[in-house]
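A short write-up of the structure that comes next.
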Amino acid sequence: MNDKHQEVKEYYGQTLQKSEDLKTNACCTIEAPPKHIRNILKDVHDEVKDKYYGCGLTLPYDLKGMKILDLGSGSGRDCFIASKLVGQEGFVVGVDMTDEQLEVANKHIDYHTEKFGYAYANVKFLKGNIDHLDLLDLEPESFDIIISNCVINLAVDKQKVLADAHRLLKPGGEMYFSDVYSDRRIPMTLQKDPVLWGECLSGALYWNDFLTFSKKAGFTDPRSIENHPITIENAEVQDKVGDIKFFSVTYRLWKLEGLDSDCEDYGQSVRYKGTIEGKSSSFDLDDHHNFPCGKMMTVCGNTFKMLKETRFAKHFEFFGNWDTHYGIFEGCGGNMPFSEGGEDGACC
Ligand SMILES: C[S@@+](CC[C@H](N)C(=O)[O-])C[C@H]1O[C@@H](n2cnc3c(N)ncnc32)[C@H](O)[C@@H]1O
């Protein structure tokens, strides 16, 4: 455990007692959760919700029966929501290194098991450091989905976290997570500031470094789902960070063999059946792939694989093969930079 880990444990164990104690709105979720999540949130214990410090929506669709790992699960809010979504036959594991956060999460396991009408708990919390996931007793290729909400920016070795996550995912599994990113590399002087780091700002990855790290870890084609500029709303902190811009972004990273580094055209198409629960009229794979029910859509080879070799396969019809390459695929989006168009939002 290095100094940074110690500082973060103190920040989330002692300095912060509830969401309102945050000094900035970096660890706040701007977008409103969809209706099915809002309904589940009514059943999540208030003490768990009071200690929520996430910055995005980390729960994708179609989770029934899934085995999920949450990196930096905090007081357990996303794990308890996931517990409901995966159903009795699924399972959720949360990992966090801060005793005070784990205590709240563990205290409320029975409460949620009963609320959701389960015969036995389908969630557990482990004490562990996500910088050292390899030291935890977690089976390689044993998780369908890895989620994380505003935590990887706090990790010291982000490249290793991504590589370990890749190792723990089953083939066809995905890492679906929200975090804070910056428009440039953060100067070392700011990285040394424990409050800026604890507030999820100075540990933020420059978005282009994140893409490089992801690809190196084996996640060849990172897909962004949603992004929002972060308005810091604290004059002192704003003065320290100067012109650096921060964004909260949700990404999905697929563990799939044979993805191309660019979107390539094999003349393939897919048709969405409208069968994903809660998404009968259309389904968004990411922020530039919307599939209306029943409409034939041409896709690049990577998108074809993301649908055909994952849990989404049963919800689509697939047309075409890999016999003929027609060149680069036009219209699959390009390099990142995030939109700076502001949206004000209520904290958490
Ligand atoms: C911003 S909070 C987010 C918590 C939770 N995901 C949520 O949405 O409420 C960060 C959490 O990550 C945990 N954390 C930070 N760095 C960690 C690490 N290296 N290993 C394990 N947990 C870590 C902290 O203890 C804290 O609970």
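Indexing begins at 1, ligand by ligand and atom by atom, following the structure's order.
The distance from ligand 1 to the heavy atoms of D131 drops below 4.0 Å at these ligand atoms: 19 (N). Listed by atom number, the atoms of ligand 1 under 4.0 Å from V8 heavy atoms are 15 (C), 16 (N). Taking every non-hydrogen atom of G128 and a distance limit under 4.0 Å, the qualifying atoms of ligand 1 come out as 20 (N), 21 (C). Annotation for ligand 1: atoms under 4.0 Å from non-hydrogen atoms of L154 are 10 (C), 15 (C), 16 (N). The atoms of ligand 1 that sit less than 4.0 Å from any heavy atom of C150 are 1 (C), 10 (C). Per-residue contacts place G72 under 4.0 angstrom from the following atoms of ligand 1 (heavy atoms of the residue considered): 4 (C), 5 (C), 6 (N), 12 (O). Shown in contact with G54 at under 4.0 Å from a heavy atom are these atoms of ligand 1, numbered in order with element: 7 (C), 8 (O), 9 (O).
Checking R77, E100, M97, H5 against atom 17 (C) of ligand 1, the nearest heavy atom belongs to M97.
Salt bridge absent: R252 and D286 never bring a charged side-chain N and a carboxylate O closer than 4.0 Å. Taking a cutoff of 4.0 Å between a charged side-chain nitrogen and a carboxylate oxygen, K158 and D179 do not qualify as a salt bridge.
Closest protein heavy atom to atom 14 (N) of ligand 1: V151 CG1, 3.9 Å. For atom 20 (N) of ligand 1, the closest heavy atom belonging to the protein is I130 N, 2.8 Å.
Remark: ligand 1 and Y12 share no N or O pair separated by less than 3.5 Å (distance only, no angle test). Considering both main-chain and side-chain atoms, D70 never comes within under 3.5 Å of ligand 1 through any nitrogen or oxygen pair. In terms of polar-atom proximity, Y53 is counted as a contact of ligand 1, with an N or O under 3.5 Å from an N or O of the ligand. Residue-to-ligand polar distances place N149 within reach of ligand 1: an N/O pair is separated by less than 3.5 Å. Geometrically, ligand 1 and V95 share no nitrogen or oxygen pair separated by less than 3.5 Å.
At least one heavy atom of Q101 sits closer than 4.0 Å to an atom of ligand 1.
Looking at N129 against ligand 1, both its backbone and its side chain come within 4.0 Å, counting heavy atoms. Contacts of D96 with ligand 1, taken as heavy-atom pairs under 4.0 Å, involve both backbone and side chain.
Remark: of the listed residues F283, Y61, F304, F283 is the sole one forming a ring pair (Phe, Tyr, Trp, His ring centres under 6.0 Å) with F312. The one candidate from D78, N122, T113 that meets the side-chain hydrogen bond (donor to acceptor under 3.5 Å, both in side chains) condition with S83 is N122. When the options F291, F316, F318 are evaluated for a ring pair (Phe, Tyr, Trp, His ring centres under 6.0 Å) with Y272, the one that passes is F316.
A continuous path of ILVMFWY side-chain contacts below 4.5 Å connects F210 to V249, so both sit in one hydrophobic cluster.
Interatomic distance, D21 CG to Y12 OH, rounded to the nearest 0.5 Å: 11.5 Å.
Enclosure of atom NZ in K35 is not indicated, since only 12 or fewer non-hydrogen atoms of other residues, nucleotides or ligands lie within 6.0 angstrom. The environment of Q17 atom CD is dense: over 12 non-hydrogen atoms of other residues, nucleotides or ligands sit within 6.0 angstrom.
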- Message: Could you walk me through whether Y118 and F91 satisfy the ring pair (Phe, Tyr, Trp, His ring centres under 6.0 Å) test, starting with their C-alpha distance in whole Å, then the side-chain angles of each, then the deciding distance to 0.1 Å, before giving a yes or no?
- Response: CA-CA 12 Å; Y118 294 158; F91 201 81; over 10 Å; no

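Residues Y251 and Y181 bring their aromatic ring centres within 6.0 Å.
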